[in-house]
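Numbering starts at 1 and runs along the sequence shown.
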Amino acid sequence: MSNDAPIGVFDSGVGGVSVLRELRALLPGEALIYYADSAHCPYGGKPRDAILARACAITEELLARGCKLIVVACNTATIAAVEHLRATYPVPFVGMEPAVKPAAAATRSGVVGVLATGAALAGEKFHHLVATHARDVRVITQPCPGLVEQVERGALDTPQTRALVEHYVQPLREQGADVLVLGCTHYPFLRPLIQQVAGADVALLDTGAAVARQVQRVLQREALARAGGPAGEVLWRASGDAAQTARLCQALFAGP
């Protein structure tokens, strides 16, 4: 495997671009291929076998494009598929998990709210995470149907999106949560809106930067890091309307 080979990143849609941005910031020399599975988005609510089948199909496409490492930039897909992917394919995989551990360490009120998809919250992996790292705090979970779809539309601050955020966040605040975990890679794109609704005294945590650091560690461990040179190329792939999805991905990747 060449050190100049790209890193593959995939998600059910455009949400994983939030992780891609962190990878670019930490590892600017690495080439990246992002795959948005927007034709099958959202994964939340789909059977595990369906998510696993999509994860395998996307992995095989990324491997065909020469990827040396693959990031499963989706909490739901990580729960459904990452262990199978690691056991089946010959490259390292890095998955996602909600930032429960740092949230438990950061809370002052002893109450942590977790915003995520229903599938991610129902998974055994999430319950193990809470049992291991948050035994001394109260963790309130909040499924957020509809938020992923709003991000997929690029509707980051519309009245409808604001109404959904208020509906999901305000009950957590009323119960004393002073830290909110953004447990879906789509949600960091709603961070300004969520912060407005939650209040300036509430900390918002996601794991994009931690995932980028883990990718860096794996590249170094496996001797796969690219040695210097110019900024790596970023390529966009998608199911569904590839051109429209690529435009939204590029806009989200660029900022603010």
Might you point out which heavy atoms bring Ile33 and Cys67 nearest each other, and give the distance in Å?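 Where Ile33 meets Cys67 most closely, the heavy atoms are CD1-SG, 4.0 Å.
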Should [X] and [Y] be counted in the same cluster of Ile, Leu, Val, Met, Phe, Trp and Tyr side chains packed under 4.5 Å apart?
X: Leu63; Y: Val94; answer: yes
X: Ile51; Y: Leu62; answer: yes
X: Ile140; Y: Leu164; answer: yes
X: Ile79; Y: Phe10; answer: no
X: Val197; Y: Leu172; answer: yes

For [Y], does its backbone N or O pair with a side-chain atom of [X] as donor and acceptor, under 3.5 Å?
X: Ser12; Y: Pro42; answer: no
X: Thr161; Y: Asp157; answer: no
X: Thr78; Y: Met96; answer: yes
X: Gln195; Y: Gly199; answer: yes
X: Thr207; Y: Glu97; answer: yes
X: Ser239; Y: Ser38; answer: yes
X: Arg54; Y: Asp37; answer: no

Ion pair present between Asp201 and Arg173, side-chain N to carboxylate O less than 4.0 angstrom?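 The answer is yes: the pair qualifies as a salt bridge.
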Would you sort out whether Arg153 and Glu149 count as a salt bridge (charged side-chain N to carboxylate O under 4.0 Å, His left out), showing the intermediate values? CA-CA 6 Å; Arg153 297 184 187 106; Glu149 290 87 341; over 6 Å; no
Just to verify, which of Arg24, Lys68, Gln216 counts as forming a side-chain hydrogen bond (donor to acceptor under 3.5 Å, both in side chains) with Glu30?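 Only one option passes, and that is Lys68.
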Rounded distance [0.5 Å steps], [atom1] in [X] versus [atom2] in [Y]:
X: Asp178; Y: Thr107; atom1: CG; atom2: OG1; value: 3.5 Å
X: His127; Y: Thr141; atom1: NE2; atom2: OG1; value: 7.5 Å
X: Arg21; Y: Leu23; atom1: CZ; atom2: CG; value: 12.0 Å
X: His84; Y: Thr59; atom1: NE2; atom2: OG1; value: 9.0 Å

Can I get a per-line list of side-chain donor-acceptor pairs under 3.5 Å for residues 217-226, giving both atom names and the distance, sequence neighbours left out?
residue, atom, partner, partner atom, Å
Arg217, NE, Gln214, OE1, 3.0
Arg217, NH2, Gln214, OE1, 2.9
Arg226, NE, Asp4, OD1, 3.3
Arg226, NH1, Gly29, O, 2.5

Under 3.5 Å, side-chain donor or acceptor atoms of residues 182-193 against the rest of the protein: list the pairs with distances, not counting sequence neighbours.
residue, atom, partner, partner atom, Å
Thr185, OG1, Ala73, O, 3.0
His186, NE2, Gly15, N, 3.3
His186, NE2, Glu152, OE2, 2.7
Arg191, NH1, Leu204, O, 3.2
Arg191, NH2, Asp206, OD2, 2.6

Test log, rule ring pair (Phe, Tyr, Trp, His ring centres under 6.0 Å), inputs Tyr35 and Trp236: CA-CA 6 Å; Tyr35 190 103; Trp236 307 96; over 10 Å; no
Among Val9, Ile7, Val14, the one residue meeting side chain to side chain contact (heavy atoms under 4.5 Å, CB included) with Leu20: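 Single side chain to side chain contact (heavy atoms under 4.5 Å, CB included) partner of Leu20 among Val9, Ile7, Val14: Val9.
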Gln244 atom CD: more than 12 heavy-atom contacts under 6.0 Å: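 12 or below, so no.
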Considering residues, nucleotides and ligands other than Lys101, do more than 12 of their heavy atoms fall under 6.0 Å from its NZ?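 No, the 6.0 Å shell around NZ holds no more than 12 heavy atoms from other groups.
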For Tyr168, enumerate each residue passing the ring pair (Phe, Tyr, Trp, His ring centres under 6.0 Å) test, keeping only those at least two apart in sequence or located in another chain.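 Tyr168 satisfies ring pair (Phe, Tyr, Trp, His ring centres under 6.0 Å) with no residue once adjacent residues are dropped.
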Any heavy-atom pair between the side chains of Val179 and Val202 that's under 4.5 Å?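 Side-chain contact under 4.5 Å: no.
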